[in-house]
Amino acid sequence: MTADLTCSFLHLQLTNPLVLASGILGTSASLLERCARSGAGAVTAKSCGPEPRVGHLNPVAIDWGDGVINAIGLTNPGADEEVPLLREAKQRLSALGVPVFASIFAPTTAEFARVAAIISHAQPDLIEVNISCPNVGDEFGTPFAGSPQSATEVTAAVKAATDIPISVKLAPNVPNIARIAQAVVDAGADAITAVNTMPGMLIDAHAARAVLSNHVGGVSGPALKPVALRCVAEIARAVDVPIIGTGGVTNGEDAAEMIMAGASLVGVGTAVWYRGVEVFSDITTELAAFMAAEGYATIDSMRRLAL
Ligand SMILES: Cc1cc2nc3c(=O)[nH]c(=O)nc-3n(C[C@H](O)[C@H](O)[C@H](O)COP(=O)(O)O)c2cc1C
């Protein structure tokens with residue numbers, strides 16, 4: 001049996017469920033095109049905010065063996081500069097039939113709406129609303145993903161500012177992620193991306209100091225996978241919108257697990273670090289082989305099986 005990896009997501013048809021996660025290679029149209037040519041079903045740009053940001057001082061990311069911890073600090077060129085980047089990406093990737101997702105963040109609800117309106121000029125296929133970056137608390141305070149109330153306010157404001165479908169990106173470190181998911185869906189979210197990185201810290205015992213300049217950062221990669229699977233499953237039980245399941249997916253079997261937890265699409269971030277940009281075609285091949293061996297003809301036939 002040959003497995004069929006095509007899938008539909010909102011109004012879109014994808015050749016496979018793998019999506020480049022935000023913040024990984026999504027800083028130029030040519031890098032996004034590279035991921036698409038390497039087999040990504042869709043790509044997400046790096047989050048952009050209202051103004052240009054330099055981000056944190058080095059060191060900002062490290063692989064410690066079981067995953068990666070980063071505190072890049074939302075380095076980005078600002079929404080006005082992001083529009084031509086997204087336009088170019090759309091142009092290059094529409095020829096390949098690969099959708100382009102924008103990603104936005106902001107320090108206030110009003111600024112979220114303003115950034116969404118600006119970015120909409122580029123007509124991305126989806127706007128991911130990053131309310132869950134754990135690495136800018138000193139400047140921005142607790143992420144909006146931390147409470148149903150603030151998550152609702154941002155979602156409603158962004159929804160009112162754009163006609164483009166939105167996916168709200170949630171944080172894993174909340175007591176009840178299903179409640180936050182329900183709140184953003186009630187406020188108009190078309191989809192949910194789960195999850196962002198998990199706050200963590202690495203210490204160099206010999207130097208007796210934190211490794212990252214920001215002291216704390218977000219954990220991603222294999223260490224995050226069980227947390228992400230749990231979050232996706234809890235969200236899938238609570239709401240009906242499609243989920244972009246993200247966190248620790250490194251191979252085809254991980255992708256199958258994410259779909260069995262209820263994901264419609266599967267985000268791939270840190271695995272690009274481990275396996276290179278060919279990771280998309282590699283995971284696609286592994287997923288197809290897994291499905292053929294286990295007797296799954298379609299992505300839909302695997303979805304929610306583990307719930
Ligand atoms: C270096 C790095 C930068 C990231 N930057 C962003 C970002 O700008 N916006 C965002 O929503 N998520 C960002 N993330 C989070 C990823 O999109 C993803 O949610 C997370 O890493 C979990 O997936 P993974 O284990 O496949 O990497 C970043 C992650 C890493 C490792």
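One-based numbering along the sequence shown. Counting starts at 1 for both ligands and their atoms, following the listed order.
Considering backbone and side-chain atoms together, L74 places no N or O closer than 3.5 Å to any N or O of ligand 1. Considering backbone and side-chain N/O of T246, none are found under 3.5 Å from N/O of ligand 1. Checked by distance only, ligand 1 and N70 stay at 3.5 Å or farther apart across all their nitrogen or oxygen atoms. On a distance-only criterion, T197 and ligand 1 share no N/O pair closer than 3.5 Å. Of the N or O atoms in G267, none lie within a sub-3.5 Å distance of an N or O in ligand 1. Any N or O atom pair closer than 3.5 Å counts here, and S103 shares no such pair with ligand 1. In terms of N/O distances under 3.5 Å, ligand 1 is not approached by A21. Residue L224 places no N or O, backbone or side chain, under 3.5 Å from any N or O of ligand 1.
Closest to atom 6 (C) of ligand 1, if we only count protein heavy atoms, is S22 O, 3.3 Å. Counting protein heavy atoms only, atom 21 (O) of ligand 1 is closest to S220 CB, 3.3 Å. Here the heavy atom of the protein found nearest to atom 15 (C) of ligand 1 is N196 OD1, 3.5 Å. Of all protein heavy atoms, the one lying nearest to atom 3 (C) of ligand 1 is G23 O, 3.6 Å. In this structure, atom 9 (N) of ligand 1 lies nearest to the protein heavy atom S47 OG, 2.6 Å. Protein heavy atom at the shortest distance from atom 26 (O) of ligand 1 is G269 N, 3.0 Å.
S38 and S281 share no donor-acceptor pair across their side chains, judged by distance under 3.5 Å alone. D4 and T6 are linked by a side-chain donor-acceptor pair at a separation below 3.5 angstrom, with hydrogens and angles left out of the test.
Closest approach of P172 and N196 over heavy atoms only: CD-O, 3.5 Å. Smallest separation of non-hydrogen atoms from G262 and A236: CA-CB, 3.9 Å. Nearest heavy atoms, T109 versus E153: CG2-O, 3.5 Å.
Residue A61 places every heavy atom at 4.0 Å or more from ligand 1. At least one heavy atom of G247 sits under 4.0 Å from some atom of ligand 1. Heavy-atom separations between N76 and ligand 1 are all 4.0 Å or longer.
A centroid separation of less than 6.0 Å is found between the aromatic rings of F144 and F112.
The number of heavy atoms from other shown groups lying within 6.0 Å of CD (E294) is above 12. Counting non-hydrogen atoms of neighbouring residues, nucleotides and ligands closer than 6.0 angstrom, the CD atom of E253 reaches no more than 12 such neighbours. Sparse packing is recorded around CZ of R34, with 12 or fewer heavy atoms of other residues, nucleotides or ligands lying under 6.0 Å away.
With atom 11 (O) of ligand 1 as the reference point, the heavy atom nearest to it among E128, K169, K46 is part of K169.
Distances below 4.0 Å separate heavy atoms of T270 from the following atoms of ligand 1: 24 (P), 25 (O), 26 (O), 27 (O), 31 (C). Per-residue contacts place G248 under 4.0 angstrom from the following atoms of ligand 1 (heavy atoms of the residue considered): 24 (P), 25 (O), 26 (O).
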Discussion item. Assess the residue pair S22 and T44 against the criterion (side-chain hydrogen bond (donor to acceptor under 3.5 Å, both in side chains)); give the C-alpha distance rounded to whole Å, side-chain angles, the decisive distance to 0.1 Å, and a yes or no.
Written reply: CA-CA 5 Å; S22 182; T44 314; over 6 Å; no
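L265 has its side chain within reach of C7: a pair of non-hydrogen atoms, C-beta onward, lies under 4.5 Å apart.
Judged purely by atom type and a 3.5 angstrom limit, S47 has no side-chain atom pairing as donor or acceptor with the backbone of S103.
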